[in-house]
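What follows is a single structure, written as C-alpha coordinates, with notes after it.
Note that these values count all heavy atoms, side chains included, but never hydrogens, waters or copies made by symmetry. Sequence lines set the chain letters: A, B, ... in the order given, protein chains first and strands last, and positions in each chain run from 1.
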Amino acid sequence: MLQVPFIRENRDQVIQGLAKRNKDFTTQIDAIIALDETRRKTQNDLDNLLAEVNKLSKEIGEMMKSGRKDDAEKIKPQVASLKEQIKTLETTLAETEEAQKQLLYQIPNVPNEIVPVGKTADENVEVYRWGSVPTLGDNKKPHWELIEEYDLIDFELGTKITGAGFPVYKGKGARLQRALINFFLDEATAAGYREFQPPLMVNEASGYGTGQLPDKEGQMYHVGVDDLYLIPTAEVPLTNLYRDVILKESDLPVKMTGYTPCFRREAGSWGAHVRGLNRLHQFDKVEIVQLVHPDQSYAILENMVEHVKQLLQKLGLHFRIIRLCGGDMGFTSSLTYDFEAWSGAQERWLEVSSTSNFETFQANRLKCRFKNADGKTQLVHTLNGSALALPRIVASLLENNQDANGIKIPEALVPYTGFDRISK
RNA sequence: GGAGAGGUGGGUGAGUGGCUGAAACCAACAGUUUGCUAAACUGUCGUAGGGGGUAACUCUUACCGGGGGUUCGAAUCCCCCCCUCUCCGCCA
(Lines give C-alpha, C1' and ligand atoms only; values in the text may rest on other atoms or scores of the structure.)
Protein backbone atom coordinates (compact mmCIF):
# COMPACT_ATOMS: atom_id res chain seq x y z
CA MET A 1 0.00 0.00 0.00
CA LEU A 2 0.99 3.60 -0.43
CA GLN A 3 2.83 5.41 2.31
CA VAL A 4 0.81 8.05 4.08
CA PRO A 5 3.61 10.63 4.32
CA PHE A 6 4.11 10.24 0.58
CA ILE A 7 0.41 10.79 -0.05
CA ARG A 8 0.39 13.79 2.24
CA GLU A 9 3.34 15.43 0.53
CA ASN A 10 2.40 14.55 -3.03
CA ARG A 11 -1.37 14.75 -2.98
CA ASP A 12 -1.91 16.14 -6.47
CA GLN A 13 0.69 13.96 -8.05
CA VAL A 14 -0.85 10.84 -6.49
CA ILE A 15 -4.36 11.72 -7.60
CA GLN A 16 -3.17 12.49 -11.13
CA GLY A 17 -1.17 9.28 -11.28
CA LEU A 18 -4.08 7.19 -10.07
CA ALA A 19 -6.33 8.79 -12.69
CA LYS A 20 -4.60 6.50 -15.16
CA ARG A 21 -6.53 3.71 -13.56
CA ASN A 22 -9.63 5.46 -14.85
CA LYS A 23 -10.95 6.31 -11.46
CA ASP A 24 -10.95 9.49 -9.45
CA PHE A 25 -9.48 8.86 -6.01
CA THR A 26 -9.63 12.46 -4.80
CA THR A 27 -12.24 11.72 -2.13
CA GLN A 28 -10.33 8.78 -0.68
CA ILE A 29 -6.98 10.55 -0.80
CA ASP A 30 -8.33 13.61 0.93
CA ALA A 31 -10.03 11.43 3.53
CA ILE A 32 -6.72 9.69 4.19
CA ILE A 33 -4.96 13.02 4.62
CA ALA A 34 -7.68 14.28 6.95
CA LEU A 35 -7.55 11.10 9.02
CA ASP A 36 -3.81 11.53 9.20
CA GLU A 37 -4.25 15.00 10.69
CA THR A 38 -6.58 13.57 13.30
CA ARG A 39 -4.24 10.71 13.96
CA ARG A 40 -1.23 12.93 14.59
CA LYS A 41 -3.15 15.34 16.76
CA THR A 42 -4.61 12.49 18.81
CA GLN A 43 -1.25 10.81 19.10
CA ASN A 44 0.25 14.02 20.39
CA ASP A 45 -2.47 14.59 23.00
CA LEU A 46 -2.32 10.99 24.06
CA ASP A 47 1.45 11.06 24.46
CA ASN A 48 1.23 14.10 26.68
CA LEU A 49 -1.28 12.41 28.96
CA LEU A 50 0.74 9.24 29.11
CA ALA A 51 3.83 11.23 29.99
CA GLU A 52 1.89 12.87 32.80
CA VAL A 53 0.75 9.50 34.15
CA ASN A 54 4.29 8.19 33.97
CA LYS A 55 5.53 11.17 35.89
CA LEU A 56 2.88 10.87 38.61
CA SER A 57 3.46 7.14 38.92
CA LYS A 58 7.10 7.77 39.49
CA GLU A 59 6.27 10.28 42.17
CA ILE A 60 3.95 7.84 43.87
CA GLY A 61 6.69 5.26 43.83
CA GLU A 62 9.07 7.62 45.55
CA MET A 63 6.49 8.63 48.12
CA MET A 64 5.77 5.02 48.94
CA LYS A 65 9.42 4.37 49.38
CA SER A 66 9.93 7.30 51.71
CA GLY A 67 6.90 6.30 53.70
CA ARG A 68 4.63 9.18 52.68
CA LYS A 69 1.74 6.92 51.95
CA ASP A 70 -0.92 9.56 52.51
CA ASP A 71 0.59 11.89 49.92
CA ALA A 72 0.60 9.05 47.45
CA GLU A 73 -3.07 8.33 48.06
CA LYS A 74 -3.87 11.95 47.30
CA ILE A 75 -2.37 11.71 43.82
CA LYS A 76 -4.09 8.52 42.82
CA PRO A 77 -7.43 10.14 41.93
CA GLN A 78 -5.55 12.47 39.59
CA VAL A 79 -4.12 9.53 37.75
CA ALA A 80 -7.51 7.89 37.59
CA SER A 81 -9.02 10.91 35.88
CA LEU A 82 -6.12 11.08 33.42
CA LYS A 83 -6.70 7.47 32.59
CA GLU A 84 -10.30 8.21 31.72
CA GLN A 85 -9.11 10.72 29.13
CA ILE A 86 -6.48 8.33 27.92
CA LYS A 87 -9.05 5.66 27.28
CA THR A 88 -11.10 8.03 25.13
CA LEU A 89 -8.10 9.13 23.11
CA GLU A 90 -6.96 5.56 22.65
CA THR A 91 -10.32 4.67 21.22
CA THR A 92 -10.23 7.64 18.88
CA LEU A 93 -6.74 6.78 17.78
CA ALA A 94 -7.56 3.14 17.10
CA GLU A 95 -10.68 4.07 15.15
CA THR A 96 -8.81 6.66 13.14
CA GLU A 97 -6.03 4.24 12.28
CA GLU A 98 -8.49 1.54 11.32
CA ALA A 99 -10.49 3.88 9.11
CA GLN A 100 -7.31 5.06 7.43
CA LYS A 101 -6.12 1.51 6.89
CA GLN A 102 -9.39 0.50 5.29
CA LEU A 103 -9.08 3.41 2.86
CA LEU A 104 -5.45 2.64 2.13
CA TYR A 105 -6.32 -0.94 1.24
CA GLN A 106 -8.59 0.41 -1.48
CA ILE A 107 -5.95 2.58 -3.12
CA PRO A 108 -3.98 0.82 -5.85
CA ASN A 109 -0.38 1.60 -6.69
CA VAL A 110 0.38 4.76 -8.63
CA PRO A 111 1.24 3.87 -12.22
CA ASN A 112 4.65 4.87 -13.50
CA GLU A 113 4.70 7.82 -15.87
CA ILE A 114 5.39 5.65 -18.89
CA VAL A 115 2.27 3.56 -18.30
CA PRO A 116 -0.03 4.16 -21.26
CA VAL A 117 -3.43 5.69 -20.72
CA GLY A 118 -6.20 3.25 -21.47
CA LYS A 119 -9.16 1.36 -20.19
CA THR A 120 -8.89 -2.16 -21.55
CA ALA A 121 -6.34 -4.63 -22.86
CA ASP A 122 -6.93 -3.18 -26.35
CA GLU A 123 -5.05 -0.10 -25.29
CA ASN A 124 -1.93 -1.87 -24.13
CA VAL A 125 1.16 -0.95 -26.07
CA GLU A 126 3.28 -3.49 -27.87
CA VAL A 127 6.94 -2.72 -27.25
CA TYR A 128 8.69 -5.73 -28.73
CA ARG A 129 7.99 -8.63 -31.08
CA TRP A 130 10.11 -11.63 -31.92
CA GLY A 131 9.89 -14.49 -34.41
CA SER A 132 7.16 -15.03 -36.93
CA VAL A 133 3.85 -16.81 -37.26
CA PRO A 134 4.59 -20.46 -37.97
CA THR A 135 3.32 -21.80 -41.26
CA LEU A 136 1.04 -24.65 -40.43
CA GLY A 137 -0.98 -26.62 -42.93
CA ASP A 138 -4.71 -26.64 -43.22
CA ASN A 139 -4.78 -29.63 -40.92
CA LYS A 140 -3.39 -27.74 -37.97
CA LYS A 141 -4.99 -28.66 -34.68
CA PRO A 142 -5.53 -26.79 -31.46
CA HIS A 143 -3.57 -28.11 -28.52
CA TRP A 144 -6.56 -29.77 -26.89
CA GLU A 145 -6.82 -32.03 -29.90
CA LEU A 146 -3.10 -32.65 -30.02
CA ILE A 147 -2.87 -33.66 -26.39
CA GLU A 148 -5.65 -36.11 -26.91
CA GLU A 149 -4.17 -37.47 -30.11
CA TYR A 150 -0.77 -38.02 -28.48
CA ASP A 151 -2.16 -38.87 -25.07
CA LEU A 152 -0.30 -36.15 -23.20
CA ILE A 153 -2.82 -34.58 -20.86
CA ASP A 154 -6.17 -35.85 -19.63
CA PHE A 155 -8.79 -33.33 -18.61
CA GLU A 156 -11.52 -35.92 -18.10
CA LEU A 157 -9.45 -37.78 -15.54
CA GLY A 158 -8.70 -34.57 -13.70
CA THR A 159 -12.38 -33.73 -13.63
CA LYS A 160 -13.13 -37.16 -12.24
CA ILE A 161 -10.72 -37.01 -9.34
CA THR A 162 -10.92 -33.27 -8.63
CA GLY A 163 -12.89 -31.05 -10.95
CA ALA A 164 -12.66 -28.94 -14.07
CA GLY A 165 -9.39 -27.10 -14.48
CA PHE A 166 -7.22 -29.73 -12.81
CA PRO A 167 -5.57 -31.63 -15.66
CA VAL A 168 -3.68 -34.89 -15.35
CA TYR A 169 -0.39 -34.92 -17.26
CA LYS A 170 0.57 -38.28 -18.63
CA GLY A 171 3.68 -39.91 -20.11
CA LYS A 172 5.54 -37.50 -22.37
CA GLY A 173 3.10 -34.82 -21.34
CA ALA A 174 4.24 -35.18 -17.73
CA ARG A 175 7.86 -35.39 -18.79
CA LEU A 176 7.48 -32.21 -20.80
CA GLN A 177 6.26 -30.43 -17.68
CA ARG A 178 9.23 -31.59 -15.69
CA ALA A 179 11.57 -30.63 -18.52
CA LEU A 180 10.21 -27.11 -18.73
CA ILE A 181 10.38 -26.64 -14.97
CA ASN A 182 13.99 -27.79 -14.85
CA PHE A 183 14.92 -25.73 -17.87
CA PHE A 184 13.42 -22.57 -16.39
CA LEU A 185 14.99 -23.16 -12.99
CA ASP A 186 18.40 -23.79 -14.51
CA GLU A 187 18.16 -20.61 -16.56
CA ALA A 188 17.14 -18.60 -13.50
CA THR A 189 19.92 -20.08 -11.42
CA ALA A 190 22.43 -19.30 -14.15
CA ALA A 191 21.18 -15.72 -14.06
CA GLY A 192 22.02 -15.49 -10.38
CA TYR A 193 18.68 -16.26 -8.78
CA ARG A 194 18.78 -18.46 -5.71
CA GLU A 195 16.41 -21.38 -5.84
CA PHE A 196 13.76 -21.84 -3.16
CA GLN A 197 11.10 -24.41 -2.50
CA PRO A 198 8.54 -22.56 -0.45
CA PRO A 199 5.35 -23.79 1.22
CA LEU A 200 2.33 -24.01 -1.04
CA MET A 201 0.01 -22.66 1.59
CA VAL A 202 0.39 -19.34 3.33
CA ASN A 203 -1.24 -17.62 6.27
CA GLU A 204 -3.29 -14.48 6.20
CA ALA A 205 -0.39 -12.17 7.05
CA SER A 206 1.48 -13.35 3.96
CA GLY A 207 -1.58 -12.80 1.81
CA TYR A 208 -1.71 -9.21 3.01
CA GLY A 209 2.03 -8.80 2.63
CA THR A 210 2.04 -9.13 -1.12
CA GLY A 211 -1.38 -7.60 -1.62
CA GLN A 212 -3.49 -10.60 -2.61
CA LEU A 213 -5.56 -9.84 0.49
CA PRO A 214 -7.90 -8.17 0.81
CA ASP A 215 -8.01 -7.28 -2.89
CA LYS A 216 -8.22 -10.75 -4.41
CA GLU A 217 -9.69 -12.77 -1.62
CA GLY A 218 -12.07 -14.58 -3.96
CA GLN A 219 -9.26 -15.72 -6.23
CA MET A 220 -7.52 -17.87 -3.67
CA TYR A 221 -8.47 -21.24 -2.34
CA HIS A 222 -8.93 -21.00 1.38
CA VAL A 223 -8.42 -23.97 3.66
CA GLY A 224 -10.98 -23.15 6.31
CA VAL A 225 -10.08 -25.49 9.15
CA ASP A 226 -6.55 -24.17 9.36
CA ASP A 227 -7.19 -20.71 7.94
CA LEU A 228 -4.55 -21.02 5.22
CA TYR A 229 -4.54 -20.01 1.58
CA LEU A 230 -3.25 -22.04 -1.35
CA ILE A 231 -0.74 -19.86 -3.14
CA PRO A 232 -1.87 -18.32 -6.45
CA THR A 233 1.79 -17.74 -7.35
CA ALA A 234 5.22 -18.34 -5.81
CA GLU A 235 5.50 -14.57 -5.53
CA VAL A 236 3.53 -14.78 -2.30
CA PRO A 237 5.73 -17.12 -0.24
CA LEU A 238 8.98 -15.95 -1.85
CA THR A 239 8.43 -12.25 -1.28
CA ASN A 240 7.13 -12.92 2.21
CA LEU A 241 10.39 -14.63 3.14
CA TYR A 242 11.57 -11.09 3.68
CA ARG A 243 8.56 -9.77 5.56
CA ASP A 244 9.67 -7.74 8.60
CA VAL A 245 13.30 -7.94 7.59
CA ILE A 246 15.83 -5.13 7.54
CA LEU A 247 18.54 -5.89 5.03
CA LYS A 248 21.97 -4.42 4.65
CA GLU A 249 22.43 -2.33 1.55
CA SER A 250 25.12 -4.77 0.48
CA ASP A 251 22.56 -7.61 0.57
CA LEU A 252 20.74 -6.02 -2.35
CA PRO A 253 19.63 -7.13 -4.78
CA VAL A 254 18.09 -10.27 -3.33
CA LYS A 255 17.32 -12.57 -6.25
CA MET A 256 15.04 -15.55 -5.73
CA THR A 257 13.47 -18.14 -7.94
CA GLY A 258 11.18 -21.02 -7.27
CA TYR A 259 8.98 -23.54 -8.96
CA THR A 260 5.55 -24.08 -7.48
CA PRO A 261 2.15 -25.21 -8.55
CA CYS A 262 -0.24 -22.28 -8.48
CA PHE A 263 -3.88 -22.43 -7.46
CA ARG A 264 -6.46 -19.99 -8.68
CA ARG A 265 -10.20 -20.15 -8.31
CA GLU A 266 -10.72 -17.96 -11.39
CA ALA A 267 -14.22 -17.39 -10.14
CA GLY A 268 -16.54 -16.13 -12.84
CA SER A 269 -13.92 -15.98 -15.54
CA TRP A 270 -14.82 -19.12 -17.46
CA GLY A 271 -15.92 -18.45 -20.99
CA ALA A 272 -15.67 -19.66 -24.51
CA HIS A 273 -11.93 -19.23 -25.05
CA VAL A 274 -10.70 -21.00 -21.97
CA ARG A 275 -10.59 -24.45 -23.50
CA GLY A 276 -7.72 -26.79 -22.93
CA LEU A 277 -4.72 -25.27 -21.22
CA ASN A 278 -5.79 -21.67 -21.67
CA ARG A 279 -7.02 -21.31 -18.11
CA LEU A 280 -6.64 -23.72 -15.22
CA HIS A 281 -7.27 -23.89 -11.51
CA GLN A 282 -3.93 -25.53 -10.91
CA PHE A 283 -0.88 -24.89 -13.03
CA ASP A 284 2.89 -24.89 -12.79
CA LYS A 285 5.06 -21.84 -12.84
CA VAL A 286 8.64 -20.79 -12.23
CA GLU A 287 8.79 -17.35 -10.71
CA ILE A 288 11.62 -14.86 -10.35
CA VAL A 289 11.54 -12.31 -7.55
CA GLN A 290 13.90 -9.48 -6.66
CA LEU A 291 14.21 -7.13 -3.72
CA VAL A 292 16.26 -4.17 -4.84
CA HIS A 293 17.55 -0.70 -4.12
CA PRO A 294 14.93 1.87 -5.19
CA ASP A 295 17.42 3.62 -7.45
CA GLN A 296 17.88 0.50 -9.51
CA SER A 297 14.44 -1.00 -9.71
CA TYR A 298 13.60 0.13 -13.22
CA ALA A 299 16.94 -0.96 -14.62
CA ILE A 300 16.38 -4.30 -12.94
CA LEU A 301 12.89 -4.55 -14.37
CA GLU A 302 14.46 -4.26 -17.81
CA ASN A 303 16.87 -6.96 -16.77
CA MET A 304 14.09 -9.30 -15.78
CA VAL A 305 12.26 -8.59 -19.01
CA GLU A 306 15.45 -9.50 -20.84
CA HIS A 307 15.64 -12.78 -18.93
CA VAL A 308 12.10 -13.78 -19.86
CA LYS A 309 12.69 -12.69 -23.43
CA GLN A 310 15.61 -15.07 -23.72
CA LEU A 311 13.61 -17.98 -22.39
CA LEU A 312 11.02 -17.55 -25.09
CA GLN A 313 13.69 -17.14 -27.74
CA LYS A 314 15.41 -20.30 -26.65
CA LEU A 315 12.12 -22.10 -26.94
CA GLY A 316 11.69 -20.59 -30.38
CA LEU A 317 8.23 -19.25 -29.70
CA HIS A 318 6.87 -16.31 -31.61
CA PHE A 319 6.02 -13.74 -28.96
CA ARG A 320 5.50 -10.10 -28.17
CA ILE A 321 5.93 -7.91 -25.12
CA ILE A 322 3.30 -5.41 -24.18
CA ARG A 323 3.28 -2.61 -21.69
CA LEU A 324 0.02 -2.69 -19.82
CA CYS A 325 -2.14 0.39 -19.83
CA GLY A 326 -3.50 1.89 -16.63
CA GLY A 327 -6.81 0.11 -16.92
CA ASP A 328 -5.32 -3.34 -17.38
CA MET A 329 -2.64 -3.20 -14.70
CA GLY A 330 -2.75 -5.15 -11.47
CA PHE A 331 -3.66 -3.46 -8.22
CA THR A 332 -0.18 -3.54 -6.69
CA SER A 333 1.94 -2.76 -9.74
CA SER A 334 3.42 0.50 -10.99
CA LEU A 335 4.63 -0.90 -14.27
CA THR A 336 3.90 -4.25 -15.86
CA TYR A 337 5.09 -5.97 -18.99
CA ASP A 338 3.12 -8.93 -20.23
CA PHE A 339 4.63 -11.53 -22.50
CA GLU A 340 2.34 -13.18 -24.99
CA ALA A 341 3.24 -16.25 -26.99
CA TRP A 342 1.59 -16.95 -30.29
CA SER A 343 -0.80 -19.84 -30.35
CA GLY A 344 -0.54 -21.21 -33.89
CA ALA A 345 -3.83 -23.02 -34.14
CA GLN A 346 -5.97 -20.79 -31.98
CA GLU A 347 -4.35 -17.95 -33.89
CA ARG A 348 -4.18 -15.63 -30.95
CA TRP A 349 -1.78 -14.39 -28.31
CA LEU A 350 -1.58 -16.16 -24.95
CA GLU A 351 -0.24 -14.45 -21.86
CA VAL A 352 2.68 -16.47 -20.54
CA SER A 353 4.40 -14.00 -18.25
CA SER A 354 3.68 -10.88 -16.32
CA THR A 355 6.70 -8.99 -15.05
CA SER A 356 6.24 -6.02 -12.77
CA ASN A 357 7.83 -3.43 -10.57
CA PHE A 358 5.84 -2.80 -7.41
CA GLU A 359 8.16 -0.12 -6.09
CA THR A 360 7.44 0.22 -2.36
CA PHE A 361 3.80 -0.83 -2.56
CA GLN A 362 4.43 -4.37 -1.35
CA ALA A 363 7.49 -3.50 0.72
CA ASN A 364 5.43 -1.07 2.75
CA ARG A 365 3.03 -3.80 3.79
CA LEU A 366 5.79 -6.34 4.14
CA LYS A 367 7.95 -3.96 6.13
CA CYS A 368 10.87 -5.09 4.03
CA ARG A 369 13.57 -2.48 4.40
CA PHE A 370 17.27 -1.90 4.17
CA LYS A 371 19.72 0.38 5.91
CA ASN A 372 20.93 2.92 3.40
CA ALA A 373 24.29 4.67 3.25
CA ASP A 374 23.10 7.30 5.74
CA GLY A 375 22.20 4.57 8.21
CA LYS A 376 18.50 5.21 7.76
CA THR A 377 16.02 2.43 7.13
CA GLN A 378 14.29 2.67 3.80
CA LEU A 379 11.78 0.48 1.97
CA VAL A 380 13.12 -1.75 -0.79
CA HIS A 381 11.47 -2.06 -4.18
CA THR A 382 10.04 -5.46 -5.03
CA LEU A 383 9.74 -6.96 -8.48
CA ASN A 384 8.64 -10.25 -9.85
CA GLY A 385 7.95 -12.05 -13.06
CA SER A 386 6.80 -15.38 -14.38
CA ALA A 387 9.69 -17.18 -15.96
CA LEU A 388 7.56 -18.86 -17.06
CA ALA A 389 4.02 -20.15 -16.58
CA LEU A 390 3.79 -23.58 -18.14
CA PRO A 391 0.33 -24.32 -19.53
CA ARG A 392 0.18 -21.72 -22.25
CA ILE A 393 3.81 -22.33 -23.12
CA VAL A 394 2.86 -25.95 -23.66
CA ALA A 395 -0.20 -24.96 -25.67
CA SER A 396 1.83 -22.67 -27.86
CA LEU A 397 4.68 -25.11 -28.20
CA LEU A 398 2.44 -28.00 -29.23
CA GLU A 399 0.48 -25.97 -31.71
CA ASN A 400 3.37 -24.11 -33.30
CA ASN A 401 5.62 -27.14 -33.63
CA GLN A 402 3.10 -29.61 -34.98
CA ASP A 403 3.35 -31.33 -38.31
CA ALA A 404 1.52 -34.23 -39.89
CA ASN A 405 3.41 -36.83 -37.85
CA GLY A 406 3.87 -35.26 -34.48
CA ILE A 407 5.40 -32.44 -32.54
CA LYS A 408 8.97 -31.24 -32.60
CA ILE A 409 10.61 -30.43 -29.28
CA PRO A 410 12.73 -27.24 -29.26
CA GLU A 411 16.44 -28.00 -29.18
CA ALA A 412 17.05 -26.24 -25.87
CA LEU A 413 14.58 -28.55 -24.24
CA VAL A 414 15.77 -31.88 -25.63
CA PRO A 415 18.42 -32.39 -22.90
CA TYR A 416 15.60 -32.10 -20.41
CA THR A 417 12.92 -34.16 -22.13
CA GLY A 418 15.20 -36.89 -23.40
CA PHE A 419 13.23 -36.98 -26.65
CA ASP A 420 13.14 -34.59 -29.60
CA ARG A 421 9.74 -35.51 -30.94
CA ILE A 422 6.34 -36.46 -29.77
CA SER A 423 4.65 -38.86 -32.11
CA LYS A 424 2.30 -41.80 -32.06
C1' G B 1 -3.45 -35.64 19.84
C1' G B 2 -1.49 -36.30 25.49
C1' A B 3 2.24 -34.53 29.37
C1' G B 4 5.93 -31.05 30.68
C1' A B 5 9.21 -26.72 29.68
C1' G B 6 9.78 -22.20 27.44
C1' G B 7 9.15 -17.60 24.14
C1' U B 8 13.57 -10.89 26.20
C1' G B 9 17.44 -6.58 21.24
C1' G B 10 21.29 -9.64 15.05
C1' G B 11 22.87 -14.08 18.51
C1' U B 12 23.74 -16.22 23.59
C1' G B 13 21.51 -14.73 27.93
C1' A B 14 20.41 -11.74 32.83
C1' G B 15 16.23 -9.70 34.70
C1' U B 16 9.75 -11.91 39.40
C1' G B 17 6.30 -5.10 40.39
C1' G B 18 9.13 1.25 40.28
C1' C B 19 16.43 2.60 39.94
C1' U B 20 15.24 -1.75 32.88
C1' G B 21 14.41 0.23 26.36
C1' A B 22 16.36 -3.44 29.00
C1' A B 23 22.95 -5.98 32.38
C1' A B 24 26.85 -8.95 30.46
C1' C B 25 29.04 -11.45 26.53
C1' C B 26 29.31 -12.49 21.24
C1' A B 27 28.55 -10.75 16.40
C1' A B 28 28.44 -6.26 13.41
C1' C B 29 30.16 -1.30 12.19
C1' A B 30 33.76 2.95 12.82
C1' G B 31 38.47 4.24 14.74
C1' U B 32 43.46 3.62 17.36
C1' U B 33 47.63 0.46 17.41
C1' U B 34 50.22 -2.66 13.49
C1' G B 35 55.15 -4.04 7.90
C1' C B 36 50.50 -7.33 6.71
C1' U B 37 47.09 -10.60 9.14
C1' A B 38 45.72 -11.72 14.00
C1' A B 39 45.21 -9.83 18.81
C1' A B 40 44.31 -5.68 21.96
C1' C B 41 41.99 -1.07 23.00
C1' U B 42 38.16 2.99 22.21
C1' G B 43 33.52 4.24 20.41
C1' U B 44 28.76 3.15 17.94
C1' C B 45 25.26 -0.40 17.88
C1' G B 46 16.70 -1.96 18.05
C1' U B 47 12.05 -0.44 15.69
C1' A B 48 7.94 2.62 14.98
C1' G B 49 4.96 7.07 16.04
C1' G B 50 4.35 12.24 17.73
C1' G B 51 6.27 17.37 19.12
C1' G B 52 10.19 21.28 18.53
C1' G B 53 14.50 22.96 15.25
C1' U B 54 16.80 25.08 8.40
C1' A B 55 19.96 21.52 10.43
C1' A B 56 23.40 19.00 13.81
C1' C B 57 20.01 17.69 17.35
C1' U B 58 16.43 17.37 21.12
C1' C B 59 11.95 16.21 23.99
C1' U B 60 8.27 12.45 24.25
C1' U B 61 5.18 7.84 23.54
C1' A B 62 4.78 2.73 22.40
C1' C B 63 7.01 -2.06 21.79
C1' C B 64 10.55 -7.88 26.04
C1' G B 65 5.60 -13.90 20.92
C1' G B 66 0.10 -11.67 20.04
C1' G B 67 -4.36 -9.88 22.55
C1' G B 68 -6.98 -8.65 27.04
C1' G B 69 -6.79 -7.77 32.52
C1' U B 70 -4.93 -6.45 37.71
C1' U B 71 -2.05 -2.02 39.65
C1' C B 72 -0.67 4.73 40.91
C1' G B 73 3.19 1.77 38.21
C1' A B 74 4.23 -4.72 34.52
C1' A B 75 9.36 -7.74 30.63
C1' U B 76 8.09 -9.16 35.76
C1' C B 77 1.30 -10.96 38.43
C1' C B 78 -3.61 -13.10 36.09
C1' C B 79 -6.59 -14.90 31.64
C1' C B 80 -7.00 -16.26 26.35
C1' C B 81 -4.45 -17.30 21.79
C1' C B 82 -0.08 -18.42 18.78
C1' C B 83 4.63 -20.55 18.37
C1' U B 84 9.09 -23.43 19.84
C1' C B 85 11.50 -27.42 22.51
C1' U B 86 11.49 -32.35 25.23
C1' C B 87 8.94 -37.01 26.15
C1' C B 88 4.79 -40.18 24.56
C1' G B 89 1.30 -41.49 20.68
C1' C B 90 0.41 -41.45 15.35
C1' C B 91 2.66 -41.21 10.65
C1' A B 92 5.16 -39.98 4.87
Numerically ordered, the residues 79-105 of chain A set in heavy-atom contact under 4.0 Å with RNA chain B is A:V79, A:K83
Requested in this report: Determine: side-chain N/O of A:S57 to OP1/OP2 of B:G17, distance under 4.0 Å, yes or no.
Outcome: no
Testing B:U47, B:C72, B:G50 for proximity to the side chain of A:R40, the answer is B:G50
Do the side-chain N and O atoms of A:T42 and A:D45 include a donor-acceptor pair separated by under 3.5 angstrom? no
Its contact letters, B for base, S for sugar-phosphate only and - for none at protein heavy atoms under 4.0 Å, make nucleotides 57-62 of chain B read ---SSS
Does the side chain of A:R369 get closer than 4.0 angstrom to OP1 or OP2 of B:A48 through an N or O atom? yes
- Task: Would you please classify the geometry between the A:F319 ring and the A:F339 ring as parallel, tilted or perpendicular, with 30° and 60° separating the classes?
- Result: parallel
Answer yes or no: does atom CG of A:D227 have more than 12 heavy-atom neighbours from other residues, nucleotides or ligands under 6.0 Å? yes
Note to self: Tell me if a side-chain donor or acceptor on A:S353 pairs with a main-chain N or O of A:S386 at a distance below 3.5 Å.
What the structure shows: yes
Taking a pair to mean Watson-Crick or G-U wobble geometry with both distances below 3.5 Å, B:A92 pairs with none
By the Watson-Crick or G-U definition, both distances under 3.5 Å, B:G21 is matched with none
For atom CZ of A:R194, is the number of surrounding heavy atoms from other residues, nucleotides or ligands below 6.0 Å larger than 12? no
Residues passing the ring-ring contact (aromatic ring centres under 6.0 Å, His included) test with A:Y298, sequence neighbours excluded, are none
Of A:K376 and A:K58, the one whose closest nucleotide on RNA chain B sits nearer the 5' end is A:K58
To the nearest angstrom, the CG-C1' distance between A:D71 and B:C72 comes to 14 Å
*asked:* Is it the case that the side chain of A:T257 and the backbone of A:E287 share a donor-acceptor pair, with hydrogens and angles ignored and the cut-off at 3.5 Å?
replied: yes
As its Watson-Crick or G-U partner within any shown strand, both distances under 3.5 Å, B:A39 has none
Scanning all shown strands, the Watson-Crick or wobble mate of B:C77 with both distances under 3.5 Å is B:G69
If pairing means Watson-Crick or G-U wobble with both distances under 3.5 Å, then the partner of B:U47 is B:A62
Rounded to whole Å, the CD-C1' distance (A:E37 to B:G51) equals 14 Å
Handout entry: Geometric class of the A:F263/A:Y221 ring pair [parallel <30°, tilted 30-60°, perpendicular >60°]
Key = perpendicular
Please classify the nucleic acid contact of A:T42 as base, sugar-phosphate, or nothing, using heavy-atom distances under 4.0 Å. nothing
Partner of B:U84 under the Watson-Crick or G-U wobble criteria, both distances under 3.5 Å, comes out as B:A5
note: A:R243, atom CZ; B:G65, atom C1'; distance rounded to Å ~ 14 Å
task = Could you tell me how the ring of A:F361 sits relative to the ring of A:F331: parallel (under 30°), tilted (30 to 60°) or perpendicular (over 60°)?
result = perpendicular
Considering every strand and a 4.0 Å limit on heavy-atom distances, what is the contact class for A:K55: base, sugar-phosphate, or nothing? nothing
Whichever of A:R39 and A:I60 has the more 5' nearest nucleotide on RNA chain B, that residue is A:R39
